[in-house]
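Order of the sequence lines fixes the chain letters, A, B, ..., with proteins taken first and strands second; residue numbering starts at 1 for each chain.
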Number of protein chains: 2
Amino acid sequence: MKLGDGVEQAIHSMAMLACLEEGSTLSASALAEYHGVSPSYLLKHMQALSSADLVDTVPGPKGGYRLKRKPDDISLLDIVLAVEGPQPAFRCNEIRQRGPNPLPARYFDKPCGIAAKMLAAERVYRAELAKTSITDLMQDLQETDDGAIAARGCAFLDIHERKQVR
Amino acid sequence: MKLGDGVEQAIHSMAMLACLEEGSTLSASALAEYHGVSPSYLLKHMQALSSADLVDTVPGPKGGYRLKRKPDDISLLDIVLAVEGPQPAFRCNEIRQRGPNPLPARYFDKPCGIAAKMLAAERVYRAELAKTSITDLMQDLQETDDGAIAARGCAFLDIHERKQVR
DNA sequence: GTCGGGTTACTCGGATAGTGCTTGTCCGAGTTAATCGGG
DNA sequence: CCCGATTAACTCGGACAAGCACTATCCGAGTAACCCGAC
């Protein structure tokens, strides 16, 4: 059981995009540079976020990404599902139906009790992730940060942020 | 995010072992045959359960596996951790410390807020899994089963169960 | 000076190789049951 | 008939390949800004 590294990158990137002014954008290469990761690889995950309608894309020079919704309306779950896919971690292969002397299929109309418990736990997991929004993350950071981390981010944004022209 | 197929096999196998009489054993090859999976591969996971002290092994002819603890004392979490390993799914790579103009390490004494939220969700997930024991699984099955599934299992056990001799 | 067209450079998007882990398999060490021989 | 040593077969345990998903990368399509020339 392992989450891809792309999840972490995607969440940090979304948090960074939340710091932009209304309408401004930030390029994927800038996000990659700030986080010290491969630009090509981060781009891949940004595309996933784009497909999930979590970010808007602005093509051309001075283009980049920008949040499509308010930071309040974007949860950790949204990001995780966008990057990792919506499939649950546990897949029931119905091995109870295999083996010798199999029973008729009608005995297995009800879902497997084991799968039910596993998926129930996963629903709880997702519900917990859904409780946290990007805004919550920013607030948590502010409470522990004495200003240095925020200052570094702002300095970076001063250079790379593409402000909305019109 | 994907759980290995071995988890499902391990849980079903543990449930089967719970149906044995006190002290009786069941070989890995029998478990594999009943579930229609590769014997060698299931054996691998049974070894993991053995390393985690969830099952006892009896070597030699008429040997096999048997639960080490009462079905009440074995939870889904125990099995999942034994097979998948204890590491959390989310690994924080501390990408907040990377990139240009890094800050001194002392600013990052506190764990990353994002990682904290992700791990918190995972704790909830594990807590939910810990709530369900093997016994609970058996009870859930009894409630939905009209007897056919249990009968098939018993018929198989009549052939393959190795009863305690002494 | 202003407007328009063309060029250019930068962006994202999807298709393409490399790598690590899960999956799947095999053979060997160890142990017990059964067997066979002797008493 | 009973007991014991030997044999043999069956078990698990760990070491060994194959497949797939994640990781990492590249090049192409598209677009907006910029520049240059004409008016």
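Applying the ring pair (Phe, Tyr, Trp, His ring centres under 6.0 Å) test to residues at least two apart or on different chains, none of the pairs has a partner in residues 63-101 of chain A. Applying the side chain to side chain donor-acceptor pair (under 3.5 Å) test to every pair with at least one member in residues 110-127 of chain B, sequence neighbours left out, gives no pairs at all.
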In residues 75-88 of chain B, what donor-acceptor pairs under 3.5 Å come from side-chain atoms, sequence neighbours left out?
| residue | atom | partner | partner atom | Å |
| --- | --- | --- | --- | --- |
| B:S75 | OG | B:L77 | N | 3.3 |
| B:S75 | OG | B:D78 | N | 3.2 |
| B:S75 | OG | B:D78 | OD2 | 3.2 |
| B:D78 | OD2 | B:S75 | N | 3.0 |
| B:E84 | OE1 | A:M1 | N | 2.2 |
| B:E84 | OE2 | B:G4 | N | 3.0 |
| B:Q87 | OE1 | B:R91 | NE | 3.4 |
| B:Q87 | OE1 | B:R91 | NH2 | 2.4 |

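For B:K68, the side-chain hydrogen bond (donor to acceptor under 3.5 Å, both in side chains) test picks out B:D53, with sequence neighbours left out. Checked against side-chain hydrogen bond (donor to acceptor under 3.5 Å, both in side chains), A:Q97 has the following partners two or more places apart in sequence or in another chain: A:E94. Scanning for side-chain hydrogen bond (donor to acceptor under 3.5 Å, both in side chains) contacts around B:D136 gives B:S133, with sequence neighbours left out. Under the salt bridge (Lys or Arg N to Asp or Glu O under 4.0 Å) criterion, A:E22 pairs with A:K70, not counting sequence neighbours. Residues satisfying the salt bridge (Lys or Arg N to Asp or Glu O under 4.0 Å) criterion with A:E128, sequence neighbours excluded, are A:K131. Evaluation of the side-chain hydrogen bond (donor to acceptor under 3.5 Å, both in side chains) rule for A:D56 yields no partner, not counting sequence neighbours.
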**Request:** Spell out protein contact along nucleotides 9-26 of chain D as letters: B when the base is contacted, S when just the sugar-phosphate is, - when no protein heavy atom is under 4.0 Å; keep the 5' to 3' order.
**Result:** BBSSBB--------BBBB

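Between the two ends of the helix from C:dG1-D:dC39 to C:dG39-D:dC1, each summarised by a five-pair axis, the helix axis turns through 10° (rounded to 10 degrees).
Across residues 73-80 of chain B, not one residue has a non-hydrogen atom less than 4.0 Å from an atom of DNA chain C.
Side-chain polar atoms of B:S40 and B:S38 form no donor-acceptor pair below 3.5 angstrom.
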